[in-house]
Amino acid sequence: DSGDTYQVHTFSTVGTFGHTITANGDVANTRAQKKVGDSSIAFDGNDYLSISNSTDWNLGEFTIEGFIRFSSLNTYNELIGTANNTGYLGSGLSGWIVSYYNSATEMRISYQSDSSWIFQLAFDTTLSADTWYHFAVSRDSSDDIRMYIDGTQIGSTENDSTTLTTTGDLWIGAGYNTTTAASTGYMDEIRISDTARYTGTTHTVPTTEFTADANTLLLIHSNWDGGLGAD
């Protein structure tokens, strides 16, 4: 139900806990689909998970990744990003978001600061419904941003070293507007790290649960126990 909360372990350093996941709408753990383990997290296009604003979401060097399976594709399909309770954009807001723009067949990472767009990086790729994909976007110490689908780099760009700061909460499954741009489908094994885990043109897609280390800021599993499972 809307407002239900689930404790999630986060690892700014190994063994440190703190963030709480809030289920907004009827987002739920489900056995209908699975990628790693025996379940995934289901989104119906009108719901999302949120985690309160934190300095953990201010990203310098980073990797944002997870598994996604769309059951249908909207014009915009927002995967993970920062927002406030009125949406991603707004007067004075700063934040970032990773999304799939179906109309242009592009994976995107976008960042704005104080309502001004700093960049919208778009990389061509065609995703389909009813297919699991591993997505990842990383920025390394040389300020190169790379986007990957299923372990293959689909594009890269050299950007400045501006920290991606945020003044809003972290949203998963949505970002700007939960009724027009949220994702419809399933997600699993969602991780944010403060290091570039992938820097080459290809990498091996994980087939088992991620494990937390000193660079893990957020790690969400979907392990069936009648509710949302997270570590």
Side-chain angles (χ1 to χ4, degrees), residues 5-23 27-43 48-52 54-69 79-82 96 98 107 109 131-141 144-153 164 169-173 183 185-231:
T5 59
Y6 304 85
Q7 291 300 316
V8 59
H9 301 176
T10 57
F11 300 86
S12 297
T13 58
V14 172
T16 298
F17 311 102
H19 298 305
T20 296
I21 299 176
T22 298
V27 57
N29 181 286
T30 179
R31 282 176 165 171
Q33 290 290 337
K34 60 183 180 180
K35 181 60 181 179
V36 177
D38 62 359
S39 61
S40 64
I41 306 168
F43 300 85
Y48 59 100
L49 303 175
S50 62
I51 304 172
S52 296
S54 168
T55 55
D56 282 347
W57 320 142
N58 297 337
L59 303 178
E61 188 174 349
F62 65 84
T63 304
I64 304 162
E65 63 184 310
F67 290 93
I68 180 72
R69 178 187 172 105
L79 305 180
I80 183 169
T82 54
W96 53 266
V98 178
M107 284 291 297
I109 179 169
T131 303
W132 278 106
Y133 298 98
H134 179 259
F135 70 90
V137 56
S138 69
R139 180 167 68 181
D140 63 21
S141 59
D144 294 330
I145 293 178
R146 296 176 174 87
M147 182 76 75
Y148 300 87
I149 293 292
D150 285 344
T152 298
Q153 181 178 288
L164 309 189
D169 298 344
L170 181 73
W171 287 13
I172 298 167
S183 291
Y186 307 89
M187 295 182 72
D188 200 0
E189 290 301 301
I190 302 158
R191 181 169 67 174
I192 301 176
S193 307
D194 62 2
T195 189
R197 296 189 183 274
Y198 313 119
T199 57
T201 56
T202 62
H203 66 82
T204 301
V205 175
T207 58
T208 58
E209 286 187 350
F210 295 135
T211 57
D213 57 23
N215 297 112
T216 307
L217 302 175
L218 178 72
L219 175 54
I220 301 177
H221 306 305
S222 175
N223 296 326
W224 181 260
D225 59 2
L228 203 65
D231 285 321

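This is a predicted model, so every value here is computed, not measured.
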Less than 4.5 Å apart, side chain to side chain, heavy atoms only: is that true for H221 and L219? yes
Could you check whether any side-chain N or O of W57 sits under 3.5 Å from a backbone N or O of W96, counting only pairs where one atom can act as donor and the other as acceptor? no
In Å and rounded to the nearest 0.5 Å, what is the CD1 to OG1 distance from I172 to T22? 11.0 Å
Short side-chain to backbone donor-acceptor contact, T63 and T195, under 3.5 Å: yes
By salt bridge (Lys or Arg N to Asp or Glu O under 4.0 Å), R197 pairs with (sequence neighbours left out) D213
Give every donor-acceptor pair under 3.5 Å between a side-chain atom in residues 132-139 and any protein atom, sequence neighbours left out.
| from | atom 1 | to | atom 2 | distance (Å) |
| --- | --- | --- | --- | --- |
| W132 | NE1 | K34 | O | 3.3 |
| Y133 | OH | S128 | N | 2.9 |
| H134 | NE2 | E65 | OE1 | 3.0 |
| S138 | OG | Y198 | O | 2.8 |
| R139 | NE | G60 | O | 2.9 |
| R139 | NH1 | D160 | O | 3.1 |
| R139 | NH1 | T162 | O | 3.2 |
| R139 | NH2 | L59 | O | 3.3 |
| R139 | NH2 | G60 | O | 3.0 |
| R139 | NH2 | T162 | O | 2.8 |

Will you find, in the side chains of S39 and S222, an N or O donor that is under 3.5 Å from an N or O acceptor? yes
Can you tell me if Y148 uses its side chain to pair, donor with acceptor, with the backbone of G200 under 3.5 Å? yes
Side chain of Q33, backbone of S40: donor and acceptor closer than 3.5 Å? no
Nearest heavy-atom neighbours spanning F62 and L164: CE2-CD1, 3.9 Å
Checking S193 against N215: is there a side-chain donor and acceptor pair closer than 3.5 Å? no
CD1 of I192 to CG of L170: how many Å apart, nearest 0.5 Å? 4.5 Å
Report the distance from atom CD1 of I21 to atom CD1 of I220, rounding to the nearest 0.5 Å. 3.5 Å
Indicate yes or no: does D188 engage R69 in a salt bridge with an N to O separation below 4.0 Å. no
From CG (L218) to NE2 (H19), nearest 0.5 Å: 6.5 Å
